[in-house]
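Here is the structure we will look at, set down as structure tokens.
Predicted, not measured: the structure shown is a model, and the values here were computed from it.
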Amino acid sequence: MSRNAKKSNHEAYVRMYQQMVRIRAFEDNANKLYLAAKMPGLTHMYSGQEAVAVGICEALKSTDKITSTHRGHGHCVAKGADFKEMFCELLGKEEGYCRGKGGSMHIADQENGNLGANAIVGGSAGIATGAALSAKHLGKDDVTVCFFGDGALGQGLLYEVMNMAALWNLPVIYACENNLYGEYTKVEEMAAGELTGRAKAFGIETFVVNGQDVLAVNKLSEELVERARKGEGPFFIQLDTYRYHGHHVGDINREYYRPKDEEELWKTERDPITNFGAWLLKEKVLSQQELDQIHDEVSQDAKDAVAYAEAAKYPDISEVDMHVYKQNPVGGAA
Amino acid sequence: MREITLSKAVNEAIAEEMRRDPAIFLMGEDVAEAGTPFKVLSGLVEEFGPNRILDTPISEPGFMGMAVGAAMTGSRPIVDLMFGDFIFLVMDQLCNQAAKTHYMSGGKLSVPLVLRTNLGATRRSAAQHSQSLHALVAHIPGLRVAMPSSAYEAKGLMKTAIRDENPVVIFEDKLMYNDKAPVPDEEYLIPFGEANILREGRDITLIGTSSMVQVCEQAAEILAEQGIEAEVIDPRTIVPLDEDTLINSVKKTSRAIVVDEGHQSFGITGEIASRLNEKAFYHLDAPVQRLGAMDVPVPFSPALEDITVPTPERVVEQALKAIKGELFHGA
Ligand SMILES: Cc1ncc(C[n+]2csc(CCOP(=O)(O)OP(=O)(O)O)c2C)c(N)n1
Ligand SMILES: [Mg+2]
């Protein structure tokens, strides 16, 4: 799906709806795989936060870069990844994006500009800012978006690189997904003061947006990406959002830190897909039948991809020590 | 052949490579006009400008992480870490990010960066500016570790490091910056993983890294006066390690001492000694010995500091014990 062609609003709306539905379907299937004990390890689900990844990535070209987090499936899908390779990666199969070596928390899709999820909270802030420095150094107009959670605001690295990004006007957008919790602790117990105050201190322009409203996220992102491309970056966006599941798939009994009625409220009144679907109907962009068709197609796609991944083969054990080092070109370095 | 300092050799290597490849840039603290506190990089900003010789804030994890992102996206950054001791600050970005990216992405992403830093005690700089921490990074798969032992080595290894497709950490001995050695005018590269036999001998093998190569050479001179022929080998890179050259030498001499300025415990000396034991045991006439820095934080007082690092005299003493058969248990 190329986002590089000049797009009509209609196409963009439909694509954003589809992409949000795809993320939700991906996560529902990932959850099922976990519950059926078919998935090695754990995974962190993005359900509820779809409008953030989709609204932002819709504003990016495939040559633009993103860095992602432990809760990274949504970013990966939104940046253009395919279900098959993603499910294969989640199951540790050879055909996965990383040949099964990365798994859920390290999924990377270089061809679409996804420099990778990261299992170190805040660990990709340097990478994203460096990618922006690289674009400037190489004379490219690529923009990089650094996705991170509210929890990453506790990491010093972020402040070091935001400082440098501001000093050097780097084309990077810091996208802070405030889903109100870091693991099992509320954001207000971990972050003193205003979240955006941190970036403001470096003279970075900051924005707060409703992360459940894909149109609002996209409108702001289109504007900031264009400005960053012209050298007016960096920017910082706080996106207020909510994760529907536990911190990870195994975090099931969670009332001790998060009340059920709070979850209910977000799911019933602020769901990004339901609300955008209603808007599309109201504005007559799509009919109910067309919306249903999107859901059906996506869910079939996901089902097929899961079946494919389950049947796919594991990497040969000879791969275990492959890719520790990159082979140097013959006649180049040693 | 002309003789230049190690400092000049590093400077030349970086300048030549930067002229060759515009994707290379260098970042670190006080690297531009100041040319680093050791003046190794003087003149580079004048030639390449402030966009390629980038003065950073005092944010080691920050610029280390940025180098990783830059390397992943087509640039070839060189990171200047003012003191090797500061490697503790960049550990996450170096070891969790740079070292693992190629592997974790199944070979899709790569991180061609150079981290140049230093090691070495006896500069009266106390415990936080004197450590030799190369074993720490050598432990992490995905990183390469080079340890130049002279100006000639420093230039050739730096050029190879810059052209390598992987993250390379290169440790220069900060006490050797003004040491001169013959360095040809013509371009040359020193391949990684090929040890250098500096002196041949049949009685004992002395394996030294970085400035400990000089220590081994001086010890060999003293031993020669007593009619003992020591073979001196510089592995040049500890990752990759040229095991074959070391093993073949020990098969010939039947004795070995490994000398390195890192702490003796859990370090390079133990690693090399253990490989020699595993692969040349039946050729040995004496246990392979380790000589590393004492397992103490580096003390400030010269009276204390000087006894923490291996010296030629101690190498000679241990070599004589090995040769006289005085290393048996209980001796
Ligand atoms: C440096 C580091 N410390 C701790 C952890 C364990 N951990 C994983 S996710 C997480 C919470 C992160 O919260 P946030 O950034 O808000 O992201 P969210 O999970 O809410 O998407 C923690 C503490 C880690 N992975 N890395
Ligand atoms: Mg959070």
Side-chain angles (χ1 to χ4, degrees), chain A residues 65 67 89 94 96-103 105-111 115-116 118-120 123-138 140 142 144 156-165 167-168 170 315 319 321-329 332-334, chain B residues 22-23 25 27 51-52 54 56-75 77 92-93 96-112 141-144 157 159-166 168 189-194 237 239-240:
Chain A
K65 309 288 186 275
T67 63
E89 191 58 36
E94 182 191 285
Y97 272 112
C98 310
R99 303 190 70 78
K101 283 181 166 135
M105 282 201 289
H106 299 291
I107 209 159
D109 173 19
Q110 178 212 20
E111 275 168 35
L115 298 178
N118 210 303
I120 304 297
S124 73
I127 294 169
T129 312
L133 174 68
S134 190
K136 197 174 172 186
H137 169 66
L138 299 172
K140 297 181 181 170
D142 299 347
T144 303
L157 177 72
L158 181 66
Y159 303 110
E160 298 191 359
V161 299
M162 285 204 298
N163 180 47
M164 284 183 266
L167 283 170
W168 302 334
L170 299 181
E319 289 214 24
D321 60 356
M322 209 180 273
H323 306 126
V324 179
Y325 294 96
K326 182 171 176 181
Q327 209 87 42
N328 285 311
Chain B
F25 68 87
M27 68 197 308
N51 290 332
R52 292 185 71 194
L54 210 57
T56 63
I58 306 162
S59 304
E60 290 82 3
F63 62 76
M64 182 74 234
M66 286 171 68
V68 179
M72 283 162 72
T73 52
S75 296
D92 179 56
Q93 295 303 307
N96 271 332
Q97 312 294 344
K100 295 176 173 51
T101 293
H102 188 62
Y103 190 82
M104 292 193 306
S105 68
K108 278 194 181 160
L109 296 163
S110 58
V111 186
L143 301 177
R144 299 198 196 275
L157 290 172
K159 286 175 69 96
T160 303
I162 293 171
R163 294 187 196 187
D164 201 286
E165 295 300 326
N166 299 282
V168 178
L189 278 82
I190 298 177
F192 283 4
E194 282 184 26
T237 51
V239 184

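With A/Y325 as the aromatic partner, B/R144 meets the cation-pi criteria of under 6.0 angstrom to the ring centre and within 45 degrees of the ring axis.
Proximity to chain B is absent for every atom of A/D142, based on heavy atoms less than 4.5 angstrom apart. In this structure, chain B has a heavy atom under 4.5 Å from the backbone of A/Q327, while its side chain stays farther away. B/V168 does not touch chain A: none of its heavy atoms, backbone or side chain, sits under 4.5 Å away. For a residue to count as touching a neighbouring chain, one of its non-hydrogen atoms must lie under 4.5 Å from one of that chain's; by this rule B/M27 touches chain A with the side chain only. No part of A/M162 comes within reach of chain B, as not one of its non-hydrogen atoms sits under 4.5 angstrom from that chain. Interface residue B/E60: only backbone heavy atoms are found under 4.5 Å from chain A. Within the 4.5 angstrom heavy-atom criterion, only side-chain atoms of A/K65, from C-beta onward, approach chain B. Interface remark: A/A128 contributes no atoms to any contact with chain B (heavy atom separation under 4.5 Å). Looking at B/L54, only its side chain comes within 4.5 Å of chain A, counting heavy atoms on both sides. With a 4.5 Å cut-off on non-hydrogen atoms, B/P240 does not touch chain A at all. Within the 4.5 angstrom heavy-atom criterion, atoms from both the backbone and the side chain of A/L115 approach chain B. Residue contact with chain B, scored on non-hydrogen atoms closer than 4.5 Å, is absent for A/I107. Neither the backbone nor the side chain of B/T101 comes within contact range of chain A, judged by heavy atoms closer than 4.5 Å.
Counting heavy-atom pairs closer than 4.5 Å to chain B, the top residue among A/A119, A/A125, A/G123, A/G156 is A/G123. Between chain A and the options B/A67, B/A71, B/A23, the largest number of non-hydrogen pairs under 4.5 Å is found for B/A23. By number of non-hydrogen pairs under 4.5 angstrom with chain B, the leading residue of A/K326, A/K136, A/H106, A/E111 is A/K326. Residue with the most contacts toward chain B among A/L157, A/T67, A/L158: A/L157 (heavy-atom pairs, distance under 4.5 Å).
Side-chain contact between B/M72 and A/I127: present, with at least one pair of heavy atoms (C-beta onward) separated by less than 4.5 Å. Side-chain contact between B/E165 and B/H102: absent, with no pair of heavy atoms (C-beta onward) separated by less than 4.5 Å.
B/Q93 places no side-chain N or O within 3.5 Å of a backbone atom of A/G126 that could act as its donor or acceptor partner. The backbone N or O of A/V324 lies less than 3.5 Å from no partner atom in the side chain of B/K100, so there is not a single donor-acceptor pair.
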Margin query: What verdict does the side-chain contact (heavy atoms from CB on, under 4.5 Å) test give for B/D164 and B/F192, after you've listed the backbone C-alpha separation in whole Å, the side-chain angles of each residue and the deciding distance to 0.1 Å?
Written below: CA-CA 9 Å; B/D164 201 286; B/F192 283 4; 4.0 Å; yes

side-chain contact (heavy atoms from CB on, under 4.5 Å) for B/F63 and A/E160? Distances and angles first, verdict last.
CA-CA 8 Å; B/F63 62 76; A/E160 298 191 359; over 6 Å; no

| request: Run the numbers on B/M64 and B/Q97 for side-chain contact (heavy atoms from CB on, under 4.5 Å), then give the verdict. | output: CA-CA 10 Å; B/M64 182 74 234; B/Q97 312 294 344; over 6 Å; no

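When all heavy atoms of B/P191 and B/T160 are compared, the pair lying nearest together is N-OG1, 4.3 Å.
Applying the 6.0 Å contact sphere to CG of A/L167 captures more than 12 heavy atoms from other residues, nucleotides or ligands.
In summary, the aromatic rings of B/Y103 and A/H323 are positioned with their centroids too far apart to meet the 6.0 Å limit.
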